[in-house]
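Residue numbers begin at 1 in each chain, while the letters A, B, ... track the order of the sequences. For clarity, every value in this text was computed on a predicted model and none was experimentally measured. As a basis for the values below, the full set of heavy atoms in this structure was taken, side chains included, without hydrogen atoms, waters or symmetry mates.
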Amino acid sequence: MDTIYALASAQGKAGVAVVRLSGPAAHDAILRLCGRIPPMRHATLCRVSSDDGSVIDTALVLTFAKGASFTGETSAEIQLHGSRATVAALLVTLSKIPGLRLAEPGEFTRRALENGRLDLTEVEGLADLIDAETEAQRLQALRVLSGALGKKTESWRTSLIRAMALLEVTIDFADEDVPVDVTPEVIALLRDVTASLVQEVAGFAAAERIRDGFEVAIVGPPNIGKSTLLNTLAGRDAAITSDVAGTTRDVIEVRMDVGGLPVTFLDTAGLRKTDDLVEGLGIERAIARANQADLRVILTDGSVPDGVTLLDDDLILRGKVDLVGDDGPGVSGKTGQGVTGLLNHVCAALSQRAAGAGLAVHERHRQAMTSSKAVLESALDALEMGNRPTELAVEDIRQAVAILDALVGRIDVENVLDEIFSSFCLGK
Amino acid sequence: MFHVKHDSFDVVVVGGGHAGCEAAHAASRMGVRVALITLDPAKIGVMSCNPAIGGLGKGHLVREVDAMDGVMGRVADKAGIQFRLLNRRKGPAVQGPRAQSDRKIYRESMQAELALLSNLTVIAGEVADIVAEKGTITAVVLADGTNVATRAVVVTTGTFLRGMVHIGDVSYPAGRMGDDPSNRLAARFADMGLPLGRLKTGTPPRLDGRTINWDILEEQPGDDDPTFFSFLTSKTDTRQVSCGITHTNARTHQIIHDNLGRSAMYGGHIEGIGPRYCPSIEDKVVRFAEKDSHQVFLEPEGLDDPTIYPNGISTSLPVDVQEAYVRSILGLENVAILQPGYAIEYDYVDPQALNLSLQLRAQPGLFLAGQINGTTGYEEAAAQGLVAGLNAAQHAVGAAPITFNRSSSYIGVMIDDLTSRGVAEPYRMFTSRAEFRLSLRADNADQRLTPLGQEIGCVSGIRSDAFGAKMDALSRGRSALDAESWTPREIMGAGIKVSADGGRRTSWDLLSFPNVTFSEILALNPAHSDIPRDIQDQLWRDALYSKYLDRQERDAAILKRDEALLIPEGFAYDDISGLSNELKQKLNRARPASMAQAARIEGMTPAALSLLLVRIRPLRQEKLA
Ligand SMILES: Cc1cc2nc3c(=O)[nH]c(=O)nc-3n(C[C@H](O)[C@H](O)[C@H](O)COP(=O)(O)OP(=O)(O)OC[C@H]3O[C@@H](n4cnc5c(N)ncnc54)[C@H](O)[C@@H]3O)c2cc1C
């Protein structure tokens, strides 16, 4: 097995850079660089030199024993001063040590997986965690990383296996005196799981937003201060502003962190009746895009802009409020009046939606949950209407379990039999 | 068929029980020279326990054995004195044929079937040793020192290895009541280092039917229209009879409870593990204390035999207690016990030591089948006998193994379960063990397996012809149903509910609707009445699940992929650092042949599977994070 190394922190100039090594030769490499192997898990200041004896840096070195590291392998971390030159010098030195090679992207994680330090859904969580930019994303990734999805699936599986066992008993032990009618309990179990699946799937939209960002569209007539507001929010000139109506024709996006949530503000073309073909297209697109957004901030001059149908959760604000001197709800990008209020409102509205986020975070999760819900509904239908034989209801449940198993595990018929035997008196 | 001087053979089958008979018959159908060596040839085909064949899952196995031209189905049909199709009110996938057998007819018919085989020799004797030279099987040695040369051996000694019978606190060595145990062979297996375990099972007292008060008991008749095991049988061969039904009561339970300390099982005399689905009456009374009554079926053992088998009250209590509790049961107040119930404890070989052809991994040419592998039941034994017999014949002539898979037969499910998971208790077949059971039906066992039998050459001309004719009729019927379609009006006119604005539908589509049977199709097109009745029924069964079969086929494809992910023989599980020691041990014992098998090992986690997978595949280059 190769020993791999890579820069673990971001590329470029930084206060500290971290280079990670993993594999059987990791500690030998440290010995070669530092002249000794510091005690495990003790941050130790070492002079790091290249093979010709020239000093690369004085760095903080951490070593991990096999079985007690992220990858599960013998490994080490070198925290050095984060100049490009220092990092480059260390990487060159490492590349010359026999048995060492630069890691492929994701290879540390893959080794962690291979060594049983993570399972697949946890890897998904880890990838999300590394990508997390905001607090909400971090918390969501941690939830997946901690195996919450696996645990939830396991609890569904337990209920479904119990339901199958109850039905199987009426099939495989038909000749024996199984007294109770199992259908009500099976129906209750299936309803519970279905409801829980529905809830998780409903939370998918929110979870997906947390991962990929919410969209807030700023909509309004031309020249109402949309672009200025966007620039103020962004803290830079993202959109071109001018007093000429119709300056913004395309949709301009600014991504930011609003109270821990990733939010993309969209500046859209001003809405008005126009004969200009290009501007007309921009307006159409603006309306379409705004309708897809999670939230719309509508800037008005007192009347609802052309082409907009108001929704319940639209935030309606008077644009360029500094000019009208109105103390009703309004905002001005120019003076900053009302901007904090606007952000608070957006944060509150989106946080409420984010709170509904479930364990289905990736499309893969959503699909599995949606399709198992569908087959469970078919099983419920068979049981409640009594129009199809029991083995078809069981087949539907088996299918649901198989789908969920594909998410995290796999079915084991012995479980079904275990349930049967612990619950019923069978046998002649 | 009886010889004194022994030639050399290609296959020697040890044991004349259900596994042994089927193995000998199968090997002989493959055209090799076969010897069946058993303690007492007069006892070939003896039913050690209940006088019945079939049931749920078990009936499926018998049909599959029959589809391969095996012998059990035909013999059971001959001996059948009461036929019942279980689960008549459920769909065909979970219906199982079952029949009470006349013990004597069963035994005699089995012996007659074997006598027909010119390349089969029956030898009376106890096999005491198996000889291998340089890893190759060369002979078996009988207790009297006789050497019988052979290339392959199938051992089917049932409950005989270090068998021990227990009745109350009395116990003595026996293979079953009235037979000596087989201890030398057991010792030989222990010497070979085979993983042996101990299991137990029990049987109820046998009653004298002439002393039962039948008049006050509920009668359970057979089906008016019997369902047979063999695809070649068309009528019953003997007079049909009914069974009786009675129940245990609070007093029965009290007697058993008061004497639990004297039961072999509960007095601590037995260490082996018994089957949960065939619990003794002691077990039932203790584990399900809240129930104050259990059903007892009174099953005749034969037409001219007064013996009654009381199904549901197997026991290892002392004889006087057996008498007391039996007589507390309605209708049995004055009953005479002909033979007491007993428990038997025996050695079995952990089937994880076998590969999919039931050959010992550690000794090529040596095959094991039946109860010796930790199973229970005649049908399970016969099905394994078939597999081992076919493969022993293949081995003898140096041909490739014949294996069965989970997606096409119950036989495949059983062999895969046994060899990949081993047994924690005596293994019995259930329909719920077969994840593809909608396609693995008793009614289509021939459609699934007879072509395989024809291909390997173990199917007679008579069966081949009958099968060919049936398949032709089925495919003609299917084409006719596919070729015609009907408007919603016409369909509703035939009494089938469909939405009025739907499109045209073929007769085949309609047949796959729940609640549509062939009679509605006949209402649409009376011309189909020239399709024979049995073909109509079979078309309906095939259509009924067709919507689900697509899904099952997809799942089967996934399974095939997992089965194709082979784990090299001798793979070093100990080197996988992320695996728990417990899982390493289990994997080392089971030595799964593929990822699919590994997945079924008890306690296997998704994380452990992914570990294994990444190790057996060349490292994939894809990004994970
Ligand atoms: C007491 C008892 C209770 C049972 N209860 C049930 C039950 O409730 N439900 C159920 O499904 N099944 C039950 N069974 C099991 C059923 O009888 C067996 O599963 C089935 O018969 C096994 O078939 P077999 O071919 O493996 O072995 P068997 O039918 O036991 O046949 C073994 C054969 O091997 C021969 N033999 C043994 N040793 C040698 C040797 N060294 N050399 C030559 N020949 C040898 C014997 O003579 C015999 O012919 C019970 C069995 C017993 C004995």
Would you call E299(B)-R84(B) a salt bridge at under 4.0 Å N-O? no
Structural part of Q552(B) lying under 4.5 Å from a heavy atom of chain A: side chain
Proximity breakdown for L167(A) and chain B, heavy-atom pairs closer than 4.5 Å: neither
Sequence-distant partners of E185(A), side-chain hydrogen bond (donor to acceptor under 3.5 Å, both in side chains), two or more places apart: R162(A)
Ion pair present between E435(B) and R398(A), side-chain N to carboxylate O less than 4.0 angstrom? no
Contact part of R437(B) toward chain A, heavy-atom cut-off under 4.5 Å: side chain, backbone, both or neither? side chain
Residues forming a ring-ring contact (aromatic ring centres under 6.0 Å, His included) with H27(A), sequence neighbours excluded: none
